[in-house]
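Working notes, structure below.
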Amino acid sequence: MAELPDLTVFANILSRMFKNKVLEKLDVTVPKKLNVKVQELQSALEGCILESVERAGKTLQFHFSGENVLGLHLMLRGELVELSEDKTPKFQIMAFHFEKGKGFAVIDMLKQATATLHPLKAAAPDALEITKEDFTALVAKKHTIIKTLLMDQKSLRGIGNSYADEILYHACVSPFSTASAIPQWDVDKIFKSIDIVLNTAIKEIALANGNELAGELKDFMKIHNAALKVTSNGDVIKRDKIGGRTTYYTQAQQLFL
DNA sequence: ATGCATGTTCCCGG
DNA sequence: TCCGGGAACATGCA
């Protein structure tokens with residue numbers, strides 16, 4: 001359940017560990033989500049140098065020498081694990097073997113993690129890159145529920161169910177608000193909250209993880225957290241479904257319809 | 001033991 | 001055309 005902040009941290013850790021290393025071997029255990037044949041993927045990437053790892057939306061982008069790019073989406077339950085000698089991790093999807101026996105694997109018990117060779121550049125802006133003007137225009141033209149809009153990857157990339165709740169809680173706007181009905185002042189607040197909530201989480205997770213790729217899931221959530229009954233203010237945390245997903249919010253969050 | 005969690009896609013209906 | 005709702009995916013956890 002890696003979300004945007006986790007992925008940003010993973011990208012940084014992978015860069016530290018494998019940047020400028022040669023990918024000696026790429027094992028594909030579960031090829032069903034690949035956009036190319038296993039052999040095509042291997043011949044494109046094996047022998048290449050990993051030049052950078054970046055996050056884009058909810059994906060990681062591995063940039064290899066020779067203009068080769070691999071996109072990776074972990075979907076619901078995908079995880080990254082560092083490889084230890086001679087042991088294939090349980091639920092392995094693919095394994096990246098670099099020099100000196102070092103490497104990492106993608107694991108996913110749902111087998112839904114998706115690797116894409118030469119992914120198309122996404123049209124929608126990333127949640128951490130969108131400008132205030134573009135965000136304002138986006139919110140103004142959509143008549144859907146604000147939480148649904150924040151999570152719509154075709155509109156804005158990178159925000160999932162739990163951080164959508166965290167952002168709207170931080171901005172004090174009800175997740176049930178109609179996007180186009182939200183006043184400019186509050187749209188500005190949401191825009192700022194996206195930046196603050198995500199970047200704060202990145203810092204906290206980076207600190208907690210160190211160089212651990214997966215690490216245990218630290219719970220930094222202030223509202224999207226099943227263990228909490230009330231917020232730090234003492235407001236009762238309510239639960240509802242939006243888009244089939246559990247949504248946590250309080251009565252104090254302003255509703256605009 | 002039952003049901004919930006999580007992202008995406010696809011299908012149906014208003 | 002836009003929007004919402006539900007199912008499906010496989011497994012671990014409370």
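In what follows, chains carry the letters A, B, and so on, assigned in the order in which the sequence lines appear, proteins first and then strands, with residues in each chain numbered from 1.
- B/dC4 atom P lies 14 Å from atom CG of A/Asp240, rounded to whole Å.
- The minimum heavy-atom distance linking A/Arg55 with A/Thr8 is given by the pair NE-OG1, 2.9 Å.
- For A/His73 and B/dG7, the shortest distance from a side-chain N or O to OP1 or OP2 is not below 4.0 Å.
- Nearest nucleotide to the A/Thr144 side chain, out of B/dA5, B/dT8, C/dG4: C/dG4.
- Here the two rings, on A/Tyr169 and A/Tyr248, have centers that are 6.0 Å apart or farther.
- Between A/Lys25 and A/Asp27 there is a salt bridge, with a side-chain nitrogen of the basic residue lying less than 4.0 Å from a carboxylate oxygen of the acidic one.
- If you measure from atom CD1 of A/Ile242 to atom C1' of B/dA5, you get 16 Å, rounded to the nearest angstrom.
- Between C/dG12 and B/dT8, the distance separating the two P atoms is 23 Å to the nearest Å.
- Classified by interplanar angle (parallel below 30°, tilted 30° to 60°, perpendicular above 60°), the ring pair A/Phe135/A/Phe191 is tilted.
- Whole-Å rounding puts the A/Asp152 CG to B/dT8 C1' distance at 12 Å.
- Using modelled atom types, one finds a donor on one side chain and an acceptor on the other under 3.5 Å when comparing A/Asp188 with A/Gln184.
- For B/dC4, the OP1/OP2 oxygens have no side-chain nitrogen or oxygen of A/Thr246 closer than 4.0 Å.
- Taking for each of A/Lys141 and A/Arg245 the nucleotide of DNA chain C with the nearest heavy atom, the 5'-most of the two is the partner of A/Lys141.
- A salt bridge between A/Asp186 and A/Lys189 is present, with a side-chain N of the basic residue lying under 4.0 Å from a carboxylate O of the acidic one.
- Rounded to whole angstrom, the span from the CE atom of A/Met221 across to the C1' atom of B/dA5 amounts to 13 Å.
- One atom, CG of A/Leu76, and another, C1' of B/dT9, lie 12 Å apart when rounded to the nearest Å.
- At least one side-chain nitrogen or oxygen of A/His224 sits closer than 4.0 Å to the OP1 or OP2 atom of B/dT6.
- For the pair A/Ile145 CD1 and C/dC3 P, the interatomic distance rounds to 11 Å; values are reported in whole Å.
- Side-chain proximity of A/His143 to the nucleotides C/dG12, C/dC3, C/dC9 is greatest for C/dC3.
- At B/dT8, one or more side-chain N or O atoms of A/Lys58 fall inside 4.0 Å of OP1 or OP2 (strictly under the cut-off).
- Residues of residues 108-119 of chain A having a heavy atom closer than 4.0 Å to DNA chain C, listed by number: A/Met109, A/Leu110, A/Gln112.
- The minimum heavy-atom distance linking A/Gly160 with A/Lys58 is given by the pair CA-NZ, 3.5 Å.
- With contacts defined as side-chain heavy-atom distances shorter than 4.5 Å, the pair A/Tyr249/A/Asp240 qualifies.
- DNA chain B is contacted by A/Gly160, A/Asn161 of residues 159-170 of chain A, taking any non-hydrogen atom closer than 4.0 Å.
- Listed nucleotides: C/dC3, B/dT6, B/dA5. Nearest to the side chain of A/Lys142: C/dC3.
- One finds a side-chain N or O of A/Lys241 lying less than 4.0 angstrom from the OP1 or OP2 phosphate oxygen of B/dA5.
- Looking at A/Gln92, its side chain never comes within 3.5 Å of a backbone N or O of A/Ala105 through a donor-acceptor pair.
- Under the side-chain contact (heavy atoms from CB on, under 4.5 Å) test applied with A/Leu149, the options A/Leu138, A/Ile159, A/Leu156, A/Ile182 reduce to a single match, A/Leu138.
- From A/Ile190, atom CD1 reaches atom CG of A/Leu150 across 6.5 Å, with rounding to the nearest 0.5 Å.
- A/Leu138 places its CG atom 13 Å from the P atom of C/dC2, with the value rounded to the nearest Å.
- If you take NZ on A/Lys33 and CG on A/Asp108, they are separated by 9.5 Å, rounding to the nearest 0.5 Å.
- As rounded to whole Å, 9 Å separates atom P of B/dT9 from atom NZ of A/Lys33.
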Could you provide the dot-bracket string of DNA chain B, using ( ) for intrastrand pairs, [ ] for crossing pairs and | for bases paired to another strand, with Watson-Crick or G-U pairs below 3.5 Å? .||||.||||||||
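- Checked against the 6.0 Å centroid criterion, the rings of A/Phe18 and A/Phe96 do not qualify as a close aromatic pair.
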